[in-house]
Every structure is written in C-alpha cells, then in structure tokens.
Peer 1: 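Before I ask anything, let me first share the structure, which is written out below as structure tokens.
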Protein chains: 2
Amino acid sequence: MDYRQTIVEEAAVMFRTYGIRAVTMDMLASHLGISKRTIYEVFRDKDELLQGVLKWMREKQSETMKKIFSESENVIEAIFKMLDMMGNHFQKMSPAFQMDMKRYHNEILRKPGDQVEFPYSSSNSEIIKRGIREGVFRKDIDVDITNKCMLEVAKMSNDKTVFPSDDYVSKDVVRTFYLNYLRGISTQKGLDLINLHDKKHK
Amino acid sequence: MDYRQTIVEEAAVMFRTYGIRAVTMDMLASHLGISKRTIYEVFRDKDELLQGVLKWMREKQSETMKKIFSESENVIEAIFKMLDMMGNHFQKMSPAFQMDMKRYHNEILRKPGDQVEFPYSSSNSEIIKRGIREGVFRKDIDVDITNKCMLEVAKMSNDKTVFPSDDYVSKDVVRTFYLNYLRGISTQKGLDLINLHDKKHK
DNA sequence: ACTTTGTAAACTAAAATAGTTTTCTCATTT
DNA sequence: AAATGAGAAAACTATTTTAGTTTACAAAGT
C-alpha cells in the first residue's frame, strides 16, 4: 500500500497544530496506527518528511488560490477572499509551528538545495499584474518588489513575536496592515473597490 | 528586585502560546532579558515554575469569574459571559499546551502533593447553587456531580483530540455541547433564559 | 573596598528522541 | 503448504536537547 500521502496529510495536521518539534515520530506513527518503521520506509528522515509536508501544503494552497483567483470578478474581491482563507489557516496554525519554521530556516545551509519555504501566503505576481491590467493598481509600481513586499507584510502580520496575540487579534492585524499596504498601491478605482468590499465584509 | 511575578507572567504567556515543553528555560530567560541563573534563583526547577504559573492562572481566572458572577443579573447571563471568556482563553491556548498538560498529568504521582490542575474552566458549585436558588436549575440535581460534569464537558469541548480543529470550530463546540448539557439541568424558566441569551448572542 | 545582585557563557548530567535493528505475524502468491 | 513480503511491535543505540550548575565577571549600593 502507498502510505506516503496518508502520512503527509496526518503529519501536516499534527505539525501545524502542535509544532514540528513537538511531534515525535513515535507520536505520528501511533496516531496513524502504523509502525515507525513504515514511516522510515517512505521518508529517509524527519527532514524529508517535513519537506514533503511543506510541498503538499504549498500545492494545496496554490490550488485554492487559483480557484479563488479564477472565480473572482476582480482582483480586490480575490484578495479579500484570499485574506479570509489566510485568516482561517493562520488560526489553525500553532505559533509553535511558526517558531519551528524560523528555527529550521535559521539553520543556514542545512543541505544545499533544501528549500524551507513558508507554505502559506505564497502570493504570486500574477495577482499584481492582473490588478494593473484591471486598472485597480497603479501602473508605475514595480511588480517584483511589490510582490515580495506583499508576501512580507502577510508574513509579518502573522508573526506572534511582532504582534503577540494577547494584545492583538491576528485576523484584524492582517486586515489593517495588508489593506493599508494595498491602498498604497491602488488607483482611485482600486480604492473604491477596497472600501466597498471592506464595508461588505464587516 | 522581585522578579517572581514578572517571570510567572511571561512564562504563562509563553507556555500557553507555544506549549510547556517547547519553551526552554534559555528561551524564557532571553525573552525576559534576564539570565537563566536568575530564574533558578526564584524557582527550584521548571516544575516549580509551572506550578507557579498554573496557580497564577487559576487565581486570575477565579477573579474574573467572581467579577462576572457578581455583575450578572442571573446565572444564565453569567454563564454566557463565562463561555465568551472561556472561548477567548482557549483561542489563545495552544493545543501543545493542552497536550503537555495531559502528559504532566499522566506522570502519576510525580511528587506527592503536587497538583497539576487544569487552570481554566474551574467552574465552581456556587454557580449551580445560585441557579437552583434562582429557580433556573432543577432542584433535584446533585450539585457535586453536576459541577464535576460541567467541568468535564468544558474540558472535553476544548480537547483537540476529540474535536480536531480541522473539522470543528472550538467555540461552536463549547456552545452547543455545554448549552445542551445546561438545558438538561434547567427548569422552564432556565430554558427561556437560555433561548433568550442564545438568540441575543447570535 | 566589599558585599550583593545579577549577567554571560561554558559546562555536565539527564532526558528525550531520531533512527536502527531484530523478531514476529499475518496475508498473499506460487 | 512453503515461500515471500509487508508491516507491527518493541527493544536498542546514538545523537541531540535541555535542565540545571558552576564559574568568572561586572555593576551598583553600602
């Protein structure tokens, strides 16, 4: 039987609920009702498993994005839907997971070729380009830089070390932070759409 | 200077955000901007620190409860406010924290006298007694047993292993589960109040 | 100057956990 | 029915973490 997908999905849930380090291989195995050996049959080590999990998360997330993107009438609507989705994801994602991700990230050059990229909020420049085409974003913005910035804003908004959840509600931070940035790159038409959706969503 | 309270409060936040095991003493120290040594000056070991944290959580929680209790017109109103507060707390509380608490709990008889009690939802029989007095709860219920049961219902509602947050929204589970139990011990007057508040809260 | 209070960092000892190996069992195939 | 293979179960090792200690040192108060 091919356990690979089953393992990845369960590991994904456990990692993001409890954090990566908190989930031991024994724990994962017993949750799956299989033996630890079987996991190591499919994945060389925990690192490879993590890579598999992150890859799967990215793929799933990317699909959802595409769906939202294609089902929306305009970019602003798409972004609002996207923010909702992200809000959901981040609510399910334990701070421990984010902490562990940072730690893995900081272990510089663990193995060359290994990319430990943040699974969610992988915004892509397509959104920005479409926004410009639709006359919602200003024509004079640098697509590449803006794309990177929006990703950073999204990441930062959800960083518990920057906005401790005691003082802020994660969802609100994303909204205000991200939307304000959005306003900054919008045309008048874009601003109108933002205000419209913001009111409707509230 | 007396660091004790500062340490306890920071540890409390970190424990419930990242889980107990995920927070190392070094991490805690550097977060506080003090040396690890200083922590050990005040607390013999991590266990004693955890006890301190839990005690403080219980006290703070108990105070809030008393406040809610005294500021409410009737028991049902108090319980709805209480549920709101609990919802908040559980949202801030990482599943890792709950997992670690269970683990500590299972290490039977770690030290005689050590009580590792769950900090939140320490409902007390006062609420039930007041409910009976107000004619909201049936007179024939066993106060002690009901108290214990309500506590268990509250705990269970927030147990991620029972209700994985993928499938359920924690807040909704508490609401339906707890409220249904509540209905079971209520008189007609109680039922009316529950329906009233439930509608208003929605 | 000396004591206290705390920092910084190196250190040790103990615990936890990744990863391995062995043995056993059940099911499928030949 | 014997052989093969896939996986369970559990014991084991080796590595890594982390709790907790010790040491050397610095600033501040007396």
Side-chain angles (χ1 to χ4, degrees), chain A residues 1-12 14-15 17-54 94 96-97 99-111 114 116, chain B residues 1-12 14-15 17-54 94 96-97 99-111 114 116:
Chain A
M1 201 186 298
D2 188 21
Y3 279 112
R4 195 182 165 90
Q5 193 53 21
T6 325
I7 295 173
V8 164
E9 291 185 19
E10 179 66 18
M14 289 186 76
F15 281 170
T17 336
Y18 297 109
I20 299 158
R21 319 190 53 216
V23 176
T24 69
M25 298 302 263
D26 285 288
M27 218 181 280
L28 178 60
S30 75
H31 262 244
L32 282 160
I34 65 177
S35 103
K36 192 163 58 160
R37 172 80 195 271
T38 311
I39 300 178
Y40 280 103
E41 208 78 9
V42 187
F43 298 97
R44 190 152 34 77
D45 52 25
K46 200 178 176 179
D47 265 18
E48 206 179 287
L49 172 60
L50 178 61
Q51 295 303 330
V53 167
L54 293 179
S94 152
F97 178 76
M99 191 176 65
D100 291 346
M101 283 295 291
K102 264 192 208 161
R103 200 187 275 216
Y104 273 92
H105 219 223
N106 286 348
E107 278 167 21
I108 18 123
L109 289 176
R110 20 199 302 81
K111 279 174 217 159
D114 265 23
V116 185
Chain B
M1 203 184 301
D2 188 22
Y3 279 112
R4 195 184 165 91
Q5 192 54 21
T6 324
I7 296 173
V8 164
E9 292 186 18
E10 179 67 18
M14 290 187 75
F15 281 170
T17 331
Y18 298 109
I20 298 158
R21 318 190 52 213
V23 176
T24 68
M25 298 302 260
D26 285 288
M27 217 182 281
L28 178 60
S30 75
H31 261 247
L32 281 160
I34 64 178
S35 103
K36 192 162 60 160
R37 173 80 193 273
T38 312
I39 300 177
Y40 281 104
E41 208 78 8
V42 187
F43 298 96
R44 191 154 32 79
D45 52 24
K46 201 178 176 181
D47 265 17
E48 205 180 288
L49 172 61
L50 178 61
Q51 295 302 330
V53 167
L54 294 179
S94 152
F97 179 76
M99 191 177 64
D100 291 346
M101 283 295 292
K102 263 193 208 159
R103 200 186 276 217
Y104 273 90
H105 219 217
N106 286 348
E107 277 166 19
I108 16 123
L109 288 177
R110 18 196 309 80
K111 280 173 216 157
D114 266 22
V116 186

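Below, chains carry the letters A, B, ... as their sequence lines are ordered, and counting in each starts from 1.
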Peer 1: Start at the 5' end of DNA chain D and walk down; is the nucleotide closest to A:Thr38 or to B:Arg21 reached first?
Peer 2: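 Residue closer to the 5' terminus by nearest nucleotide: A:Thr38.
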Peer 1: Report the distance from atom CD1 of B:Ile20 to atom P of D:dT17, rounded to the nearest whole Å.
Peer 2: 21 Å
Peer 1: So if I take every side-chain heavy atom of A:Tyr3 and compare against C:dG19, D:dA19, D:dG7, which nucleotide ends up nearest?
Peer 2: D:dG7
Peer 1: Measuring from the side chain of B:Ser35 (C-beta onward, heavy atoms only), which nucleotide among C:dA8, C:dT17, D:dG20 has the closest atom?
Peer 2: C:dA8
Peer 1: Measure all distances between protein nitrogen or oxygen atoms and nitrogen or oxygen atoms of nucleotides 21-28 of chain C, and list the pairs falling under 3.5 Å.
Peer 2:
from   : atom 1 : to      : atom 2 : distance (Å)
C:dT22 : O4     : A:Arg37 : NH1    : 3.3

Peer 1: A:Tyr40 and A:Asp45: which non-hydrogen atoms are nearest, and at how many Å?
Peer 2: CE2-CA, 4.1 Å
Peer 1: Can you tell me if B:Asp100 uses its side chain to pair, donor with acceptor, with the backbone of B:Ile20 under 3.5 Å?
Peer 2: yes
Peer 1: Round to a whole Å and report the spacing from CD of B:Glu48 to C1' of D:dA19.
Peer 2: 14 Å
Peer 1: Rounded to whole Å, how long is the line connecting atom CG of A:Leu28 with atom P of C:dA18?
Peer 2: 10 Å
Peer 1: Distance check needed: D:dT21 C1' versus B:Asp45 CG, whole Å only.
Peer 2: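 Whole-Å distance recorded here is 13 Å.
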Peer 1: State which of C:dA18, D:dA19, D:dT18 makes the closest approach to the side chain of A:Met25.
Peer 2: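 Per side-chain heavy atoms of A:Met25, the pick is C:dA18.
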Peer 1: In whole Å, I'd like the distance from the CG atom of B:Leu50 to the C1' atom of D:dA19.
Peer 2: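 These atoms are roughly 14 Å apart.
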Peer 1: Any donor-acceptor pair, under 3.5 Å, between the side chain of A:Lys46 and the base of C:dG19, if you only look at N and O atoms?
Peer 2: no
Peer 1: Judged by atom type as modelled, is there a donor-acceptor pair below 3.5 Å linking the side chain of B:Thr24 to the main-chain atoms of B:Met27?
Peer 2: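 Yes, because the side chain of B:Thr24 sits within donor-acceptor range (under 3.5 Å) of the backbone of B:Met27.
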Peer 1: Please give, in whole Å, the distance from D:dA8 P to A:Glu41 CD?
Peer 2: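 It works out to 10 Å between those atoms.
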Peer 1: Taking atom CZ of A:Phe15 and atom CZ of A:Arg21, what is their separation to the nearest 0.5 Å?
Peer 2: 12.0 Å
Peer 1: Mapping B:Lys36 and B:Gly33 to their closest nucleotides on DNA chain C, which lands nearer the 5' end?
Peer 2: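 Closest to the 5' end, via its nearest nucleotide, is B:Gly33.
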Peer 1: I need the CG-P distance between B:Asp47 and C:dA14, as an integer number of Å.
Peer 2: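 The distance from CG of B:Asp47 to P of C:dA14 comes to 17 Å, rounded to the nearest Å.
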Peer 1: Rounded to whole angstroms, how far apart are CE on A:Met27 and P on C:dG19?
Peer 2: 15 Å
Peer 1: If I take atom OG from residue B:Ser94 and atom CE from residue B:Met99, how far apart are they, to the nearest 0.5 angstrom?
Peer 2: 8.0 Å
Peer 1: Considering only heavy atoms from C-beta outward, does the side chain of B:Ile7 approach that of B:Val53 to under 4.5 Å?
Peer 2: no
Peer 1: Does the side chain of A:Leu49 reach to within under 4.5 Å of the side chain of A:Leu28, using non-hydrogen atoms?
Peer 2: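 Heavy-atom side-chain distance check passes, below 4.5 Å.
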